Amino acid sequence: MPELPEVEVVRRGLHEHVTGRTVASVEVLHARAIRRHLPGAADFAVRLTGQRMDAARRRGKYLWVDLSGGEAVLAHLGMSGQMLVQPVGAPDEKHLRVRVVFEDDGPELRFVDQRTFGGLALDELVEVDGTWLPRQVSHIARDPMDPEFDADAAVRALRSRKTDVKRALLDQTLVSGVGNIYADESLWRARLHGLRPTAKLTTAKTAELLGHATQVMLEALGQGGTSFDALYVNVNGQSGYFDRSLAVYGQEDRPCARCGTAIVREPFMNRSSYSCPRCQPRPRDAKTVAR
DNA sequence: CTTATGACCTGCAAGC
DNA sequence: TGCTTGCAGGTCATAA
């Protein structure tokens, strides 16, 4: 569910609310939420307890909080994960998976996740290309908000992938942070159909597309992210409102803002792609999708 | 090595 | 009303 802007909103909230606080206790209510912490729930709770939380960081859709002991607590929100800062004693959310209580008796940190695709883990930091990252994040490419993001290198990586442009854009090892919403929005801005093969895109067009992806994510961040329902919220439970600014995602049958043609939805990898059939013509050799 | 395809979950809305 | 089907912001292991 959450893409770079939504995860960044959560990161900022965490940075504000947990930095400098020491963990008093940890409760894991659903084992699947810490499945990427291989030593298990008990180990997760014991090792996190007593640690002070420092800076909250992010790469792509992963976020983590540095711990005083030198490790980090890593989080991925998956499709439906939330990090909430809630007063002690507030009623448990239906899908509460992990609770972190602090020594200062202030608000607790809760990981809530309906679909359990997300999760938390304790991970060691490793240095990759001059940046310290949790080991589980070491394969994720820099995202466009990273000060050391190399746009030229990212364009080269995208073009070298032998696939369709939307698949490349969603590949987190080439450029991170872009998901289904912002992929469709940037393809619309670039007037490209997602099934266009990367091999036939010029360097300039690919750079333009990447620029649109960066821009649309910045705009979404300025609006607090995109949410269609209560599944995406910031640490205080509030929704962003970039959904009002979406040009194509979820806009089936509504008129294209550029040409008025009805936006179409097409199946894509067990999900959907939205595009303007006039501004973003399908490549002729694209396989027609059944159903 | 690269690339494509399901599997992993719960809940909601639409259609019959 | 109740059942079934399809769909949802993502990633990963596995297969080819």
Side-chain angles (χ1 to χ4, degrees), chain A residues 1-10 29-36 38 58-63 74-83 93-97 111-121 134-141 143 157-186 194-195 197-199 213 216-217 220-221 223-234 239-243 245-246 248-253 265-274 286-287 289-291:
Chain A
M1 141 203 176
E3 306 181 31
L4 185 154
E6 294 75 36
V7 178
E8 175 60 16
V9 169
V10 172
L29 296 99
H30 195 305
R32 202 176 131 76
I34 48 90
R35 69 191 180 285
R36 304 219 183 279
L38 298 181
R58 181 189 59 72
R59 171 171 284 195
K61 303 168 196 172
Y62 283 86
L63 72 154
L74 176 64
H76 196 290
L77 304 179
M79 294 281 264
S80 53
Q82 306 176 344
M83 299 290 270
E93 292 75 9
K94 182 174 180 188
H95 302 294
L96 177 62
R97 307 307 189 194
F111 179 68
V112 175
D113 188 12
Q114 178 202 106
R115 292 176 71 185
T116 68
F117 286 172
L120 306 183
R135 186 176 288 286
Q136 294 181 42
V137 181
S138 55
H139 65 298
I140 300 294
D143 62 66
L158 287 167
R159 292 184 71 227
S160 66
R161 207 85 212 276
K162 292 189 186 66
T163 186
D164 307 326
V165 63
K166 182 167 173 181
R167 295 184 103 105
L169 206 48
L170 292 175
D171 186 333
Q172 306 295 301
T173 67
L174 306 178
V175 178
S176 67
V178 181
N180 207 29
I181 296 178
Y182 301 113
D184 279 4
E185 293 299 309
S186 34
L195 292 177
T198 51
V216 72
M217 290 195 292
L221 182 56
Q223 309 277 303
T226 299
S227 37
F228 307 110
D229 52 43
L231 278 189
Y232 164 68
V233 291
N234 67 17
S239 292
Y241 42 94
F242 191 72
D243 60 305
S245 309
L246 295 172
V248 285
Y249 188 86
Q251 308 299 309
E252 186 177 20
D253 294 334
R265 184 179 73 81
E266 295 172 298
F268 172 77
M269 294 173 71
N270 295 321
R271 276 199 193 71
S272 298
S273 285
Y274 297 87
K287 285 170 275 191
V289 198
R291 205 169 37 161

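Fair warning: this is a prediction, and the values are worked out from it, not measured in the lab. Chain letters run A, B, ... following the sequence lines, proteins first, then strands; residues in each count from 1.
At B:dG11, one or more side-chain N or O atoms of A:K94 fall inside 4.0 Å of OP1 or OP2 (strictly under the cut-off). The phosphate of B:dG11 (OP1 or OP2) has a side-chain N or O of A:H95 nearer than 4.0 angstrom. Side-chain nitrogen and oxygen atoms of A:S80 include none within less than 4.0 Å of the OP1 or OP2 phosphate oxygen of C:dA8. A:K61 has no side-chain polar atom (N or O) that falls below the 4.0 Å cut-off from OP1 or OP2 of C:dG9. For A:T116 and B:dC8, the shortest distance from a side-chain N or O to OP1 or OP2 is not below 4.0 Å. An OP1 or OP2 oxygen of B:dA4 is reached within less than 4.0 angstrom by no side-chain nitrogen or oxygen of A:R161.
Every stem involving DNA chain C, taken as at least 3 paired positions in a row under the Watson-Crick or G-U wobble test at 3.5 Å, is listed here: B:2-8 with C:10-16, B:10-16 with C:2-8.
Atom CG in A:N270 sits about 12 Å away from atom P in C:dG6, given to the nearest Å. Distance A:D164 CG to B:dT3 P: 11 Å, rounded to the nearest Å. As rounded to whole Å, 16 Å separates atom P of C:dA8 from atom CD of A:E6. Summarising the geometry, the separation between CE on A:M79 and P on C:dT11 is reported as 10 Å, rounded to the nearest angstrom. Look at CG on A:L246: it is 12 Å from P on C:dG9, rounded to the nearest Å. Taking atom NZ of A:K166 as the reference point, atom C1' of B:dT3 lies 18 Å away to the nearest angstrom. Going from atom CD of A:E252 over to atom C1' of C:dA8 covers 14 Å, rounded to whole Å. The nearest whole Å value for the distance from the CZ atom in A:F268 to the C1' atom in B:dA4 is 11 Å.
For the atom pair A:I34 CD1 and A:L74 CG, the distance stands at 13.0 Å (nearest 0.5 Å). Within the model, atoms CD of A:E6 and OG of A:S227 stand 7.5 Å from one another, a figure rounded to the nearest 0.5 Å. Separating the CG atom in A:L169 from the CZ atom in A:R167 is a distance of 13.0 Å, to the nearest 0.5 Å. Once rounded to the nearest 0.5 Å, the distance linking CG of A:L221 with CZ of A:F242 reads 10.5 Å.
Note on A:R35: nothing from the nucleic acid sits closer than 4.0 angstrom, heavy atoms only. At the heavy-atom level, A:T226 lies under 4.0 Å from base atoms of the strands shown. Backbone-only contact: A:R32 has heavy atoms under 4.0 Å from sugar-phosphate atoms and none from a base.
Here the nucleotide nearest the side chain of A:T163, chosen from C:dG9, B:dT3, C:dT11, is B:dT3.
Here the side chain of A:D184 pairs a donor or acceptor atom with the backbone of A:Y274 at under 3.5 angstrom. Between the side chain of A:R59 and the backbone N or O of A:I140 there is at least one donor-acceptor pair closer than 3.5 Å. No donor-acceptor distance shorter than 3.5 angstrom exists from the side chain of A:K162 to the backbone of A:T198, with no hydrogens or angles considered. Panel note: side chain A:S80, backbone A:D113; no donor-acceptor pair is recorded below 3.5 Å.
Taking A:Y62 as the reference, A:H76 meet the ring-ring contact (aromatic ring centres under 6.0 Å, His included) condition, with sequence neighbours excluded.
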Can you tabulate the close N/O pairs, meaning under 3.5 Å, that link protein atoms to atoms of nucleotides 12-16 of chain C?
| unit_1 | atom_1 | unit_2 | atom_2 | d |
| --- | --- | --- | --- | --- |
| C:dC12 | OP1 | A:Y62 | OH | 2.6 |
| C:dC12 | OP2 | A:H139 | NE2 | 3.2 |

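Across the P atoms, B:dG11 and C:dT11 are found 22 Å apart, a figure rounded to whole Å.
Residue-nucleotide stacking is present for A:F117 and B:dC8, judged by a side-chain ring centre under 5.5 Å from the six-membered base ring centre and planes under 30° apart.
A donor N or O paired with an acceptor N or O is found under 3.5 Å between the base of C:dA8 and the side-chain atoms of A:R115.
Of the options A:K166, A:E185, A:E3, a side-chain hydrogen bond (donor to acceptor under 3.5 Å, both in side chains) to A:N180 is made by A:K166 and by none of the others.
By the 4.5 Å heavy-atom criterion applied to side chains, A:F111 and A:Q82 are not counted as neighbours.
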